[in-house]
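These numbers come from the heavy atoms of this one structure, side chains and all, not from hydrogens, waters or symmetry mates. So you know, we letter chains A, B, ... as the sequences are listed, proteins then strands, and number each from 1.
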2 protein chains.
Amino acid sequence: MNIGDVAALSGLPAKTIRYYEDIGLVKPLRSANGYRTFRESDAHKLAFLGRSRALGFSIEDCRNLLALYEDEERASAEVKEIAEQHLERIDEKIAELKEMRATLAHLVDACAGDHRPDCPILADLATKQHDEEQLKRTA
Amino acid sequence: MNIGDVAALSGLPAKTIRYYEDIGLVKPLRSANGYRTFRESDAHKLAFLGRSRALGFSIEDCRNLLALYEDEERASAEVKEIAEQHLERIDEKIAELKEMRATLAHLVDACAGDHRPDCPILADLATKQHDEEQLKRTA
DNA sequence: CTAGGGCTTCCCCTTGCTGGAAGGTCAAGC
DNA sequence: GCTTGACCTTCCAGCAAGGGGAAGCCCTAG
């Protein structure tokens, strides 16, 4: 299989696949003309990578997951550990975004959004703190 | 004020402030020895930037917000527009993360996490689709 | 035999900084 | 007067995770 085929199969752009080879995630063979030649197992790995990335795992996580995947002797606890840590990061990220969202929604709500220059959004960004006093006042 | 002072005031690292000058967000003066000299207004802008960034606005958004902030003739609608678009992006991001979270939580839950190699997480990453059939089966 | 599509490498661009090296400046202490 | 240490300066490199595009092979069809 050439890179185009495996790209179509895995859903990953060819650029990405070359990049993954660069950083050592896959090691396709080369045919006489210099083209990369992908085996079934390479295609399989790439699909695995695509799905791991889609779940938000970092490249380094993917590298570790892939190694565990290939290791028949692995303990599922190792995999679970990685997944749980990732889950935690996701939760943190969600919490952070929700906090932004809340503040921002509040400000958007308070802004008339008309031709006049008065704007609570700018006023808030310009003034000192998002402290407890302000939280109380705006609550 | 030197960069250290304004860094302490704004809570931004000196590196970041230099970067903001690089990309034209602030334009401090220079004193005879070559040191940057920040006016009150610069400090104020940097604080504004810090708060905008904390709300997740991109640098380009910040640039626009800052311009609107400085423009006494602005229409609050313009500000609101930017904020609303950002709010939308945040909502999308949250939705995306929640979906990842759901899938991942499901897998983590199904994994024994012991010394044995059998692992539903790897099995899922390795196999074909997250399609409707699978959603039904795992629901 | 030429056109096209696919493949190769290479290097720069992105976002928003962060770290570090090499060196100038300034105030304090001896 | 000299040193020490904390500041400050510039520039260069790099992170994640690729994307864009140039210059140049390769291969096949008409």
Chemist: Please give, in whole Å, the distance from C:dC17 P to B:Leu25 CG?
Modeler: 10 Å
Chemist: Taking the basic N atoms (NZ, or NE/NH1/NH2) and the acidic carboxylate oxygens, is any pair closer than 4.0 Å for B:Glu60 and B:Arg63?
Modeler: yes
Chemist: Does the protein touch nucleotides 8-21 of chain D at the base, only the backbone, or not at all? Give it as B, S and - per nucleotide, heavy atoms under 4.0 Å.
Modeler: SBBB-----BSSBB
Chemist: Can A:Glu40 and A:His44 be said to form a side chain to side chain contact (heavy atoms under 4.5 Å, CB included), step by step?
Modeler: CA-CA 6 Å; A:Glu40 282 298 318; A:His44 203 187; over 6 Å; no
Chemist: So that I can tick it off, tell me whether A:Arg36 and A:Glu21 are bridged by a salt bridge, with the cut-off set at under 4.0 angstrom between side-chain N and carboxylate O.
Modeler: yes
Chemist: Within the supplied structure, the quantity of interest is the number of heavy atoms (other residues, nucleotides, ligands) at a distance under 6.0 Å from A:Arg39 CZ; does it exceed 12?
Modeler: yes
Chemist: Which residues pass the ring-ring contact (aromatic ring centres under 6.0 Å, His included) test with B:Tyr35, sequence neighbours left out?
Modeler: none
